[in-house]
Protein chains: 2
Amino acid sequence: MSERQKSILDAAVRVIARTGVRGLRVEQLAAEAGISTALIYYHFGDRAGLLRRTLEHINDRAADYTQSTGVELDLLLLQELQDTEAVRVNSTAWGELRATAVFNEELREPLADSTRVWVAEIADAIRRAHPDAPATDVAERLTALVEGLSERWLSGSITLDRARDLLRGAIALELPDR
Amino acid sequence: MSERQKSILDAAVRVIARTGVRGLRVEQLAAEAGISTALIYYHFGDRAGLLRRTLEHINDRAADYTQSTGVELDLLLLQELQDTEAVRVNSTAWGELRATAVFNEELREPLADSTRVWVAEIADAIRRAHPDAPATDVAERLTALVEGLSERWLSGSITLDRARDLLRGAIALELPDR
DNA sequence: GTCTATAGGAAGATAGAC
DNA sequence: GTCTATCTTCCTATAGAC
């Protein structure tokens, strides 16, 4: 994949984080990337192709993002609930990806793969810190909770601080210090 | 609100559950409702107004849906994870509502209100069955988890059975039998 | 590979009759 | 209140030059 393509996809993630998948206009993306619309079609064929590649790209970014063997579990989960540009963009795009996959068969498999990877990473961290805990179940519950809380935060139903408190509470329950 | 309006809004919920908010076409909705597009504009002004009213309607439906003083807590939560037409339509529409609200200020307040109502109902059920539990925290965590699991289920990242198992596990942890 | 210019079509919205 | 017919706008996509 060329640098140009990467930069277009990065721009697409930003636009999606701002306007949602439904709000992504090819012309707007062209402006964001500083190129013409024709070039986007040259590289990605059509809007659907662009979208597919963008959402795969979000997956890749998410994978990079979480790479953190050795980092504290608390941090690993709580870092998904932070008011920084990077987290906001990623979480918003990720939420859009999941919401889009509900109506788009093509996206389901890559989405499920990414979810699996993320859950596995959290499960590993759990195993390191709490060898006796049922790591897979706990990881699956905590990550699903993070997604639920994140969506509530981004949609304005809950404050970030409250979301973080609730997550901390869940971690304490799932992984009591022995 | 007239019966006609209600029937249009019901049709809109069905269409949204099938195609998502982004997929809702006024013409398609007209077909679903068995009327002309002009009539939709007569009743709701424009697409945005239609959408706003529809999403409020989803809120109302969700409120009705949960009305169940006296029902077991387990049932109350687990009934959100069921493969019936009604649950699927409601959950899908609800997910779309939340995803849309991320990019639509106007929807946030009604969405937050509905969320509050739902959480409060669950909290009441908790208080009845487990007087000593921190009902509000538990209710907020369990409902957020339901939303996260529901979205994973609808987007094909998890089976329904697995989602139900995980939820049961969380309930057991949050509300241990004394 | 990249642009400008534009074709073509889909979807939102309205006019006007009944 | 409701319809048919149509306008208009917006957006995807392509043609063709560089």
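- Considering only side-chain atoms of B/Tyr42, the nucleotide from C/dG1, D/dT4, D/dG1 that sits closest is D/dG1.
- Remark: P of D/dG1 and CE of B/Met1 are 14 Å apart, rounded to the nearest angstrom.
- Counted by atom type alone, B/Arg25 and B/Thr19 present zero donor-acceptor pairs between their side chains at under 3.5 Å.
- Scored by the salt bridge (Lys or Arg N to Asp or Glu O under 4.0 Å) test, A/Asp161 finds no partners at all (sequence neighbours excluded).
- Under a 4.0 Å N-O distance rule, the pair B/Glu140/A/Arg152 does not qualify as a salt bridge.
- Across the protein-nucleic acid pair, A/Leu29 atom CG and D/dA13 atom C1' stand 14 Å apart, rounded to whole Å.
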Between the protein and nucleotides 11-13 of chain C, list every N/O to N/O distance that falls short of 3.5 Å.
residue : atom : partner : partner atom : Å
C/dA11  : OP1  : B/Arg25 : NE           : 3.3
C/dG12  : OP1  : B/Arg47 : NE           : 2.9
C/dG12  : OP2  : B/Val26 : N            : 3.1
C/dA13  : OP2  : B/Tyr41 : OH           : 3.3
C/dA13  : OP2  : B/Arg47 : N            : 2.7

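- Under 4.0 Å is where a charged nitrogen must lie from a carboxylate oxygen, and between A/Glu85 and A/Arg88 no such pair does.
- Rounded to whole Å, atom P of D/dT2 lies 12 Å from atom CD of B/Glu3.
- Heavy atoms of other residues, nucleotides or ligands lying less than 6.0 angstrom from CD of B/Gln5 number more than 12.
- Counting heavy atoms from C-beta outward, A/Glu174 and A/Leu145 have side chains that stay 4.5 Å or more apart.
- In this structure, B/Ile8 places its CD1 atom 10 Å from C1' of D/dT2, rounding to the nearest Å.
- For the pair A/Glu151 and A/Arg98, the minimum side-chain heavy-atom distance is 4.5 Å or more.
- A salt bridge is defined here as a Lys NZ or Arg NE, NH1 or NH2 lying under 4.0 Å from an Asp or Glu carboxylate O, and A/Asp165 with B/Arg141 fails to meet this definition.
- Look at CG on A/Leu39: it is 16 Å from P on D/dT12, rounded to the nearest Å.
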Table of protein N/O atoms under 3.5 Å from nucleotides 16-18 of chain D N/O atoms:
none

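- Remark: P of D/dT2 and CZ of B/Phe44 are 11 Å apart, rounded to the nearest angstrom.
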